[in-house]
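What follows is a set of notes on a single structure, which appears directly below.
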Amino acid sequence: MKLTAFSFTIIALLYFISPAAAQEKWDLKKSVEYAWSHNVTVRQASIQADIDSLTLRMNRLAQYPFASANTGLGMRFGRSIDPSTNQFTTTQFLSQQYNFQASITIFNWNNLKNNILAARFGAEASRMDVEKSKNDLALNVASQYLQALLAQEQIHVAEVQVNQTQGQLLDTRKRVDAGSLPELNAVQLEAQLATDSSSLITAKSNAELSVLSLKALLYLDAASPFELDAPPVDNIPVDPIAELQPDFVFNMAMKFQPAQKSNELRIKALEAGLKASKSLMYPTLSGFGALGSNFSNSLKEIKSAQFVGYSNAVPGGPVSVDTAGGLTRYYPVVNPNVNLTSGGKSFGRIWNGYGSQLNNNFGQNLGVQLNIPIFNGGSARINYEKQKLNLLNAKVSREAIDQTLKQNIYQAYVSAVSALNKYNANQSTVNATGKAFDFATKRYNVGLLSTLELITAQTNFTKAKLDLITSHYDYVFKMKVLEFYKGQGIRLQ
C-alpha cells in the first residue's frame, strides 16, 4: 500500500509539473495580442481615447442647468450691515446665510451642439488612432516574427550542409586510409567542415538575436521561455497577386485603414469646432434663478429703555420691540433656565429665533440674461480665424497622408512582384545547382572530380537554398503587406 501511494503521488506530480515545465509556444496571433496589451504606444493611445471620451461626456452634460448651493457661518465686528434687518450696525453679531443658484443656457447659436459634435468626432478619431497603433504594431510583429522563422530555416539548411560535409569527409577518410585518394582531399573537406560549422554557429546566433528582438517588440522579458509556433512557409496562405492590384488595394485602404478614418473624423471635429467658435461672436441668452435666507442674533446693548412688565430686566439682554401707539417699548426676553447676567451667553440664547428668521428672510429671484459680446480684445474673432486655418491644415495633411499611402501601396506592389519573380528564379537555381551537386558527387565518388570542385558545387547548392528560403519569406511578407493595406489584417494560418 505504501508503494502504491508513493507511485500515485509521483505520477500526479509529473502530470501537473510537466505541462508547466514545457516550453511555451507562441503563434503570430498570440504574439500580436500580447504586444497589444503591453506596448506603450498602444496603451498611451488607449488612454488618450479614454480622455477624449470624458471630454465628450462633459460637453454633453453642459446642456443641462448648472446648480450650486452654499452656506456660511461667521461673526461680524465693527460697522457692517445686519442681514436680518438690512441696516448698518456696530454691534457684534453672529450670522448665517443659505443660498441656492441655478442657471441654464437658452440659446447660444448651437454652441453646445457643435461642441458635442466636435467632441464626439474627436473621441471616435482617438479610437481609430488606437486601431492604427495596433495595426502598425501587428505589422512590425509579423515582420519580426517572419524574420525569426527565416533564421530557424537557415539553421536547418546549415545543419544539412554540416551533415553532408561530415558524410563526405568520413567517406573520403576511408578512401585515403585505403590509399585510393590523397590526404589533400581529406584536409580540404576538413577545412570545409570547419567553415560549415562556423556558418551553423552564426545561423544559431542570428536566430537567438531574432527571437530577442521579437521579445523586445512584445515587451516580453528576455529570460522568458519562448518557442515559435507557425506553419511551414509553404502553408502560409497568400492571395493571388492578381487580386492585389495597387489601384484596387488603394481604394480598399481608403475605406478600411484606421489612419484614413481618423483623418476624416478629425476634419469633421474641426468643422464642428469652427461652427462652435463662430457662435461665440454672437449674443447668448440664458436664464437664472436663486433662493436664499439668512439669520443673525443681533444682540443690541440698550443703555436706557422703558422696560415693561419685568423688574429684573438686565440692560444688554435680549429684548423684543413694540412701537404701538407711537411709544417704543422694549420687552426683555427672560428665560428662567438661562442665565441672563453679563457673560451668560448660552447656546440657546445665541440661536434664539433661528427658525422664524429663516422663514421671514426667505427670498427668491428668477430672470433671463442676454450677454452681448462687444469687444473682448479680438479673442473670439482671432480664435475663429485660427480654427479655419487648423481645418485647412488638416485637409492639406489628409491629402499628403493619402498620397503617401498610395505611393506606399504601389511600391509594395512592385516589391511583391519583384519578390515573386526572384523567388521563382531562385527555385530554378536550386533545381539546377541541386542537379550539378548530384552529378559532382557521383563523379567525385568514382574519382573523376577533385575535392575542391565538389566543395564548390556543394557551396553553390547551399547558397541557392538559402537564397530560395530568404526570397520565399520576403515574398510572403510583401504579399502580407498588400493584404494589410487591403484591410485583411495579418494572418499566417
Side-chain angles (χ1 to χ4, degrees), residues 54-55 57-108 111-112 115 280 283-303 305 313-323 328-374 376 379:
L54 290 177
T55 301
R57 180 184 176 189
M58 182 176 64
N59 287 350
R60 283 174 173 169
L61 292 176
Q63 302 176 96
Y64 301 100
F66 290 85
S68 64
N70 65 78
T71 182
L73 174 67
M75 182 73 71
R76 299 194 184 185
F77 306 88
R79 182 177 174 84
S80 60
I81 296 178
D82 186 340
S84 62
T85 63
N86 203 29
Q87 296 179 353
F88 284 101
T89 181
T90 58
T91 304
Q92 171 184 331
F93 62 90
L94 182 72
S95 66
Q96 185 173 20
Q97 303 84 32
Y98 293 94
N99 296 287
F100 173 82
Q101 303 90 20
S103 64
I104 185 172
T105 300
I106 299 174
F107 183 72
N108 62 351
N111 178 271
L112 293 176
N115 280 333
L280 296 178
T284 299
L285 181 64
S286 58
F288 63 89
L291 304 174
S293 185
N294 56 69
F295 162 82
S296 69
N297 67 350
S298 246
L299 301 178
K300 304 177 181 179
E301 295 183 3
I302 303 175
K303 297 182 179 179
V314 179
V319 297
S320 61
V321 182
D322 182 11
T323 57
T328 300
R329 298 180 177 85
Y330 297 89
Y331 295 90
V333 180
V334 179
N335 187 340
N337 297 322
V338 178
N339 183 9
L340 295 181
T341 60
S342 60
K345 296 179 180 180
S346 66
F347 183 82
R349 178 185 174 191
I350 292 175
W351 298 101
N352 185 42
Y354 182 81
S356 60
Q357 281 200 37
L358 290 181
N359 183 58
N360 294 333
N361 295 331
F362 181 66
Q364 314 88 33
N365 69 78
L366 185 68
V368 294
Q369 177 178 336
L370 182 65
N371 182 23
I372 303 174
I374 298 175
N376 56 5
S379 60

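Please read all numbers here as calculations on a predicted model, not as lab measurements. Counting from 1, the numbers follow the sequence of the chain as shown.
- Contact of the Leu358 side chain with the Tyr354 side chain is registered, since non-hydrogen atoms from C-beta on lie closer than 4.5 Å.
- Counting only distance, with no hydrogens or angles, the side chain of Asn359 and the backbone of Gly355 share no donor-acceptor pair below 3.5 Å.
- Every residue two or more places apart in sequence or in another chain that forms a side chain to side chain donor-acceptor pair (under 3.5 Å) with Ser68 is listed here: Gln101.
- Here the straight-line distance linking atom OG of Ser293 with atom CD of Gln364 works out to 9.5 Å at 0.5 Å rounding.
- Residues passing the side chain to side chain donor-acceptor pair (under 3.5 Å) test with Gln97 are Ser95, sequence neighbours excluded.
- Residues passing the side-chain contact (heavy atoms from CB on, under 4.5 Å) test with Thr71 are Gln96, Tyr98, sequence neighbours excluded.
- Checked against side-chain contact (heavy atoms from CB on, under 4.5 Å), Ala69 has the following partners two or more places apart in sequence or in another chain: Phe100.
- The line from CG of Leu94 to CG of Asn297 is 5.0 Å long, rounded to the nearest 0.5 Å.
- Atoms CG and CG, from Asn70 and Asn99 in turn, are 4.5 Å apart once rounded to the nearest 0.5 Å.
- Rounding to the nearest 0.5 Å places OG1 of Thr90 at 8.0 Å from CZ of Arg79.
- Under the ring pair (Phe, Tyr, Trp, His ring centres under 6.0 Å) criterion, Phe288 pairs with no residue at all, not counting sequence neighbours.
- Here the CG-CZ distance, from Asn360 to Phe295, works out to 12.0 Å after rounding to the nearest 0.5 Å.
- Partners of Ile372 by side-chain contact (heavy atoms from CB on, under 4.5 Å), not counting sequence neighbours, listed by chain and number: Pro283, Leu370, Ile374.
- With rounding to the nearest 0.5 angstrom, the CG atom of Asn111 is 8.5 Å from the OG1 atom of Thr105.
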Please tabulate, one pair per line, all N/O donor-acceptor pairs under 3.5 Å involving side-chain atoms of residues 59-66, not counting sequence neighbours.
from, atom 1, to, atom 2, distance (Å)
Asn59, ND2, Asn115, O, 3.2
Gln63, NE2, Arg60, O, 3.0

